[in-house]
Amino acid sequence: MVQNRRMATLVGSRDTLPRAFPTLTAEQIDRIRPLGRVRQVRSGEVLFRPDDSAVPFFVLLSGRMEIVQPTIEGERPVAFHEPGEFTGEMTMISGQRCLVIGRVTEPGEFLELDGDALRALVARDAELSEILMRAFILRRLELIRHGWGNLVVLGSQHSARTLELREFLSRNGQPYTYIDLDRDQTSQELLDRFDVKPSEVPVVVCSGNKVMRRPTIPELAAGLGFNWAATGKQVRDVIIVGAGPAGLAAAVYAASEGLDSLVIETSAPGGQAGSSSKIENYLGFPTGVSGQELAGRAVTQALKFGAHMMIARSAMRLSCDQQPYRVVLDGGDTLNTRTIVIATGAQYNKPALSNLPRFEGAGIYYGATYMESQLCVGEEVAVVGGGNSAGQAATFLAQTAGTVHMLVRSGELSSTMSRYLIQRLEENPKVKLHFHTEITALEGQEHLECVTWRERISGVESRHAIRHVFVMAGASPRTDWLRGCLALDNKGFILTGRDLDRAAAFEGNPRWPLERPPEMLETSLPGVFGVGDVRAGNVKRVASAVGEGAISIHLVHRALTEL
Ligand SMILES: Cc1cc2nc3c(=O)[nH]c(=O)nc-3n(C[C@H](O)[C@H](O)[C@H](O)COP(=O)(O)OP(=O)(O)OC[C@H]3O[C@@H](n4cnc5c(N)ncnc54)[C@H](O)[C@@H]3O)c2cc1C
């Protein structure tokens with residue numbers, strides 16, 4: 001009976017049910033007992049509700065409870081728990097705010113553990129760790145699949161801000177319901193109910209009542225309480241700036257090796273890799289893995305080991321003339337740390353077209369994931385660039401789009417493009433390669449409608465009714481915030497290790513100050529390391545970024561013994 005009720009609610013597939021809602025054995029519960037306290041619960045008692053922070057973890061010894069979610073229309077049932085089962089999903093590990101209401105339906109005794117006790121359990125009991133983590137992840141995936149969060153986004157598919165918000169929520173694994181105002185006729189009633197003007201769209205409604213009008217990403221993250229657990233004035237062992245593959249690897253190793261570590265990320269975890277629809281050459285994934293999936297798994301792993309994360313916050317400056325070092329964030333907050341791993345990667349090179357920003361997210365994209373591919377099913381599209389990422393985007397988009405025009409500035413595909421990819425492009429009848437070609441004009445009202453490109457040798461310009469352009473034209477390092485503090489090469493990439501010998505060649509570069517030579521990933525500042533795509537001489541691969549992130553933590557340990 002209860003099983004059927006569950007089937008009708010959270011879990012859509014019978015196969016996933018036992019793993020998302022396992023029943024613990026008496027022996028497993030006995031291993032949890034010493035970490036918690038037994039609590040008597042009454043029927044109707046609410047144990048947690050949306051927006052609560054530091055929600056405890058409960059194992060039902062006797063009694064029953066329901067998990068429901070408040071929505072604009074009222075409460076929606078999500079799951080039911082019976083004796084031997086336990087509460088919680090990913091927020092238990094991430095420390096982010098609760099998404100659901102937990103209400104007792106039958107009195108009994110529940111075993112209650114606080115967040116620290118739960119993390120200690122996960123860290124030291126491998127069997128329970130696997131059962132709990134798997135259930136938390138599966139429950140979150142089901143919430144995402146159903147779009148069941150405590151968030152509703154009301155927006156338009158022609159609005160860049162809407163796409164930006166949706167991408168941010170998806171890349172942060174945040175379940176939400178999307179209502180497209182262009183298609184959903186009943187949505188006007190909702191806008192009227194919250195007194196929203198057309199200029200205030202997109203609108204985000206939290207927990208059925210809190211309304212955010214045209215929020216920026218930092219406003220949305222703050223409104224969702226993403227970072228409340230990551231604040232604090234202590235001096236950390238290591239601050240990792242950037243949560244791409246390099247930063248996430250550093251976070252996993254730092255936290256698993258017991259370092260007090262904090263990751264700061266401007267946008268959403270995953271970095272450039274997060275915008276890749278399929279990474280096919282990362283070790284251990286013979287059928288490929290999407291950048292988002294890889295990043296999601298890495299974040300869960302880092303959080304499980306106790307890393308802290310600040311999302312939608314940026315490192316703006318480094319105070320490097322003092323120890324401990326001080327990282328200054330947007331908004332002026334400062335964080336103190338003994339060592340730093342800089343993993344800020346690189347940013348996309350964009351065609352120099354004055355109206356390009358107007359179409360970003362409304363016809364101009366810098367990533368080709370499943371979401372973008374659904375916007376241009378059957379349509380003619382253009383991909384700008386001749387490197388690996390352009391090649392991957394073109395082959396991926398060719399699966400769903402009509403013709404894919406690949407616009408390459410030089411006379412050939414990049415020498416760094418993998419051989420297998422070149423072959424796939426050349427053999428794909430849907431991909432049309434245009435060499436010596438660049439975009440000269442973009443046209444459109446709300447959305448991109450028309451693209452003009454020029455073949456540079458003949459000078460011939462042609463105009464095309466293309467509504468979607470994917471810009472994959474390489475990247476520049478994100479190091480502006482470090483100028484004057486660290487030695488950089490002429491393009492702004494961070495010099496590390498032996499490459500610091502070249503530092504003097506570039507004017508204004510600080511010198512290595514110690515007797516001992518710098519470690520291999522160490523920058524011109526002792527105890528500050530540069531890893532991944534931001535480092536001079538990097539190889540622009542997920543695997544090498546991950547490897548460098550891992551190595552940097554080994555070097556952080558050495559630096560900490562020096563201080
Ligand atoms: C579309 C695409 C497809 C790709 N496909 C492959 C592939 O198949 N195989 C492969 O091996 N490689 C691939 N790559 C390359 C690979 O993704 C990169 O080499 C890798 O992501 C580099 O990792 P990183 O952590 O050094 O930097 P990034 O991934 O660039 O991450 C840097 C992070 O730092 C954050 N950040 C920047 N500045 C700040 C700041 N001041 N404060 C806080 N945070 C900040 C950024 O928001 C970003 O999340 C692809 C790249 C792209 C764009």
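Just so you know, ligand 1 is whichever comes first in the structure, and atom 1 is the first atom listed for that ligand. Values below: every heavy atom of this structure, side chains too, minus hydrogens, waters and symmetry copies.
Looking at A346 against ligand 1, only its backbone comes within 4.0 Å, counting heavy atoms.
Ranked by closest heavy atom to atom 28 (P) of ligand 1, the top entry among Q347, R171, Q272 is Q272. Taking each of T344, T479, V531 in turn, the one with a heavy atom nearest to atom 38 (N) of ligand 1 proves to be T344. If you check each of L421, L329, L248, V542 against atom 12 (N) of ligand 1, the one with the closest non-hydrogen atom is V542.
Atoms of ligand 1 found under 4.0 Å from any heavy atom of S389, numbered from 1 in the order shown, are 1 (C), 2 (C), 3 (C), 52 (C). Heavy-atom proximity to R478, at under 4.0 Å, picks out these atoms of ligand 1: 37 (C), 38 (N), 46 (C), 47 (O), 48 (C). Against a heavy-atom cut-off of under 4.0 Å, G532 is close to the following atoms of ligand 1: 26 (O). Residue-ligand proximity, N281 to ligand 1, at heavy-atom distances under 4.0 Å covers atoms 7 (C), 8 (O), 9 (N), 10 (C), 11 (O). Heavy-atom contacts of K540 reach the following atoms of ligand 1: 12 (N), 15 (C), 19 (O) (cutoff under 4.0 Å). Within the listing of ligand 1, atoms 32 (C), 33 (C), 34 (O) sit less than 4.0 angstrom from a heavy atom of A343.
Considering backbone and side-chain atoms together, P245 places an N or O closer than 3.5 Å to an N or O of ligand 1. Geometrically, ligand 1 and T266 share a nitrogen or oxygen pair separated by less than 3.5 Å. Among the atoms of S314, none of the N or O lies under 3.5 angstrom from an N or O of ligand 1. Polar contact with ligand 1: absent for V241 (N/O pair, distance under 3.5 Å).
Using modelled atom types, no side-chain atom of S373 and backbone atom of L397 make a donor-acceptor pair closer than 3.5 Å. A donor-acceptor pair is defined here as one N or O able to donate and one able to accept, closer than 3.5 Å; no such pair exists between the side chain of K304 and the backbone of M133.
The pair R424-E280 meets the salt-bridge criterion, since a charged nitrogen lies less than 4.0 angstrom from a carboxylate oxygen.
Annotation: atom 4 (C) of ligand 1 to nearest protein heavy atom, Q392 OE1, 3.6 Å. Protein heavy atom in closest approach to atom 35 (C) of ligand 1: E265 OE1, 3.2 Å. Nearest to atom 27 (O) of ligand 1 among the protein's heavy atoms is G345 CA, 3.4 Å. Atom 34 (O) of ligand 1 has its closest protein heavy atom at G242 CA, 3.2 Å. The protein atom (non-hydrogen) at minimum distance from atom 41 (N) of ligand 1 is A315 O, 3.0 Å. Looking only at protein heavy atoms, the nearest one to atom 25 (O) of ligand 1 is A246 N, 2.9 Å. Given atom 18 (C) of ligand 1, the protein heavy atom at minimum distance is D533 OD2, 3.3 Å.
A246 and V531 make their closest contact through CB-CG2, 3.8 Å (heavy atoms, listed as atom of the first residue, atom of the second, distance). Minimum interatomic distance between L525 and W512 (heavy atoms only, all atoms of both residues): C-CZ3, 4.2 Å. For the residue pair N172 and S267, the shortest heavy atom distance occurs at ND2-O, 4.2 Å.
Taking 4.5 Å as the limit, some side-chain heavy atom of L329 sits within range of a side-chain heavy atom of M310.
Shown here, atom 43 (C) of ligand 1 is in close reach of the protein: a heavy atom of it lies under 4.0 Å off. For atom 14 (N) of ligand 1, no protein heavy-atom neighbour is found at a distance under 4.0 Å.
For V534, the heavy-atom gap to ligand 1 stays at 4.0 angstrom or more. Ligand 1 does not have N388 within reach: every non-hydrogen atom of the residue lies 4.0 Å or more from it.
The side-chain tip of R166 does not point at the ring of Y176 from less than 6.0 angstrom away and within 45° of straight on.
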F470/V404 under side chain to side chain contact (heavy atoms under 4.5 Å, CB included): CA gap, chis, key distance, verdict: CA-CA 10 Å; F470 295 82; V404 179; over 6 Å; no
Could you go through the side-chain hydrogen bond (donor to acceptor under 3.5 Å, both in side chains) check for T91 and E89 one step at a time? CA-CA 6 Å; T91 43; E89 55 88 51; 2.7 Å; yes
Worked check of side-chain hydrogen bond (donor to acceptor under 3.5 Å, both in side chains) between Q272 and D533: CA-CA 10 Å; Q272 290 180 68; D533 279 13; 2.8 Å; yes
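Counting heavy atoms of neighbouring residues, nucleotides and ligands inside a 6.0 Å radius, atom OH of Y370 does not exceed 12 of them.
Relative orientation of the H405 and H434 rings is tilted, given thresholds of 30° and 60° on the angle between their planes. Below 30°, between 30° and 60°, or above 60°: for W453 and H464 the angle between ring planes is below 30°, a parallel geometry.
Here the rule is side chain to side chain contact (heavy atoms under 4.5 Å, CB included) with Q174, and of L151, L143, I144 only L151 fits it.
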